[in-house]
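Just so you know, residue 1 is the first one in the sequence shown, and it goes up from there.
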Amino acid sequence: METQFRKTKLRQLEKNKGDLVSGPFGSDISAKFFVEEGIPVIRGNNLKSNDKPFVDSGFVYITNQKAAKLIKCKAIKNDLIFTAVGTIGQVGIIPAITKYEYYIISNKQIRLRVNTELADPYFIYYQLSSNSIRKYLEGQNRGSSIPLLNLAEIRNVSILLPPLPIQREIASILASYDELIENNNQRIRLLEEMAEDIYKEWFVRMRFPGYETTNFVSGEVAELSP
């Protein structure tokens with residue numbers, strides 16, 4: 001039996017009014033409200049990683065009292081986050097396991113809370129991360145000097161939805177690839193750190209293999225020829 005994909009607007013994935021919402025007004029979440037500890041504010045730097053759907057660090061914070069006033073802009077696990085000002089086309093998703101119970105989106109973000117009776121949040125995330133959707137969003141720029149998307153453009157983004165079990169299967173496969181990529185990147189980072197440590201040990205501290213029996217000549221060090 002052929003799988004049927006139906007075209008859907010993002011606004012149709014809301015279960016409740018306000019599930020797709022812009023961030024607070026700039027005056028409500030400006031730098032004067034930032035504190036050393038509290039509720040983390042999601043900004044563009046939390047969506048920039050190519051191998052992670054969400055970067056759970058590098059936050060500024062607001063107080064619990066301030067966050068309570070911005071509760072409509074709260075973000076929790078499985079919420080999708082778009083950048084609407086600056087690097088438009090950025091999208092991330094808050095994973096199930098995070099450092100914080102919840103977050104507040106900045107004045108430059110848009111949050112979508114997907115109706116899980118209709119769609120798998122990770123399937124939507126992967127589709128919105130595709131080059132075609134990114135290019136479409138970039139083409140909806142309404143800014144002049146600074147790229148800008150408004151909520152209406154996000155609400156009208158079209159995506160394709162297969163039946164929910166197919167969505168979950170596709171999302172699971174893509175998530176497995178993401179996990180493999182992240183594991184490989186971690187290995188690469190470890191190898192780079194090991195190579196740097198070896199270089200310092202051998203050529204800076206001069207503790208290379210056999211250094212104990214090596215005679216060092218004092219004075220200028222000659223340059224090595226290639």
Side-chain angles (χ1 to χ4, degrees), residues 7-14 17-34 39-62 66-67 69-95 98 100 102-114 119 121-161 174 178 181 185:
K7 186 173 284 190
T8 305
K9 302 284 188 182
L10 286 187
R11 66 173 183 267
Q12 296 174 287
L13 298 182
E14 291 182 278
K17 184 178 180 181
D19 282 347
L20 183 53
V21 64
S22 295
F25 289 111
S27 58
D28 287 335
I29 200 168
S30 60
K32 67 181 180 181
F33 295 111
F34 297 159
I39 305 301
V41 177
I42 296 175
R43 300 175 294 168
N45 61 292
N46 303 112
L47 312 177
K48 282 185 177 178
S49 177
N50 291 325
D51 55 1
K52 289 183 180 179
F54 184 67
V55 180
D56 203 8
S57 61
F59 298 105
V60 294
Y61 302 88
I62 55 176
K66 185 64 180 176
K69 295 178 181 178
L70 303 175
I71 200 66
K72 291 182 180 179
C73 301
K74 179 179 178 180
I76 57 176
K77 68 177 183 179
N78 292 331
D79 281 354
L80 289 141
I81 313 295
F82 302 84
T83 293
V85 180
T87 313
I88 59 177
Q90 264 187 345
V91 60
I93 185 170
I94 301 179
T98 57
Y100 301 92
Y102 72 95
Y103 305 78
I104 297 293
I105 60 173
S106 79
N107 59 313
K108 297 180 180 179
Q109 316 301 134
I110 290 173
R111 185 212 68 208
L112 169 61
R113 186 164 297 154
V114 173
Y122 272 85
F123 177 82
I124 303 302
Y125 162 73
Y126 285 117
Q127 193 166 166
L128 294 174
S129 299
S130 66
N131 287 333
S132 59
I133 296 292
R134 286 178 184 271
K135 288 179 180 177
Y136 170 80
L137 291 175
E138 289 169 0
Q140 303 307 302
N141 176 23
R142 295 293 180 266
S144 51
S145 59
I146 300 176
L148 173 66
L149 281 177
N150 61 41
L151 188 59
E153 272 94 36
I154 296 294
R155 291 177 62 83
N156 287 317
V157 170
S158 293
I159 57 170
L160 294 174
L161 281 186
L174 293 175
D178 270 355
I181 291 169
N185 286 338

Would you say that [X] contacts [Y] through its side chain, given a criterion of any heavy-atom pair below 4.5 Å between the two side chains?
X: V41; Y: I62; result: yes
X: L128; Y: L10; result: yes
X: I94; Y: N78; result: no
X: T83; Y: Q109; result: yes
X: L151; Y: I110; result: yes
X: F82; Y: L47; result: no
X: L70; Y: D28; result: yes
X: Y122; Y: P95; result: yes

Could you grab the distance from atom [atom1] of [X] to atom [atom2] of [Y], nearest 0.5 Å is fine?
X: R134; Y: I88; atom1: CZ; atom2: CD1; answer: 11.5 Å
X: K72; Y: R111; atom1: NZ; atom2: CZ; answer: 11.0 Å
X: Y61; Y: I39; atom1: OH; atom2: CD1; answer: 10.0 Å
X: I81; Y: R43; atom1: CD1; atom2: CZ; answer: 14.0 Å
X: S132; Y: K135; atom1: OG; atom2: NZ; answer: 8.5 Å
X: K77; Y: T98; atom1: NZ; atom2: OG1; answer: 9.0 Å

Mark yes or no for whether [X], through its side chain, and [Y], through its backbone, hold a donor-acceptor pair below 3.5 Å.
X: Q127; Y: L160; result: yes
X: N107; Y: G23; result: no
X: N141; Y: L148; result: yes

Hey, can you tell me if F59 and Y103 have their rings parallel, tilted or perpendicular (30° and 60° cut-offs)?
tilted
What's the shortest heavy-atom distance between [X] and [Y], and which atoms?
X: V91; Y: Y125; result: O-CE1, 3.7 Å
X: G86; Y: I146; result: N-CG2, 4.0 Å
X: I105; Y: I29; result: O-CD1, 3.8 Å
X: S22; Y: C73; result: O-SG, 3.6 Å
X: L161; Y: A119; result: CD2-CB, 4.2 Å
X: I42; Y: A75; result: CD1-CB, 4.1 Å

Give me each pair satisfying side chain to side chain donor-acceptor pair (under 3.5 Å) with a member in residues 148-159, each pair once, sequence neighbours excluded.
K9-S158, R11-N156, E14-R155, R142-E153, N150-E153
Could you walk me through whether N46 and D56 pass the side chain to side chain contact (heavy atoms under 4.5 Å, CB included) check?
CA-CA 7 Å; N46 303 112; D56 203 8; over 6 Å; no
Evaluate whether atom CD1 of I71 has more than 12 neighbouring non-hydrogen atoms of other residues, nucleotides or ligands under 6.0 angstrom away.
yes
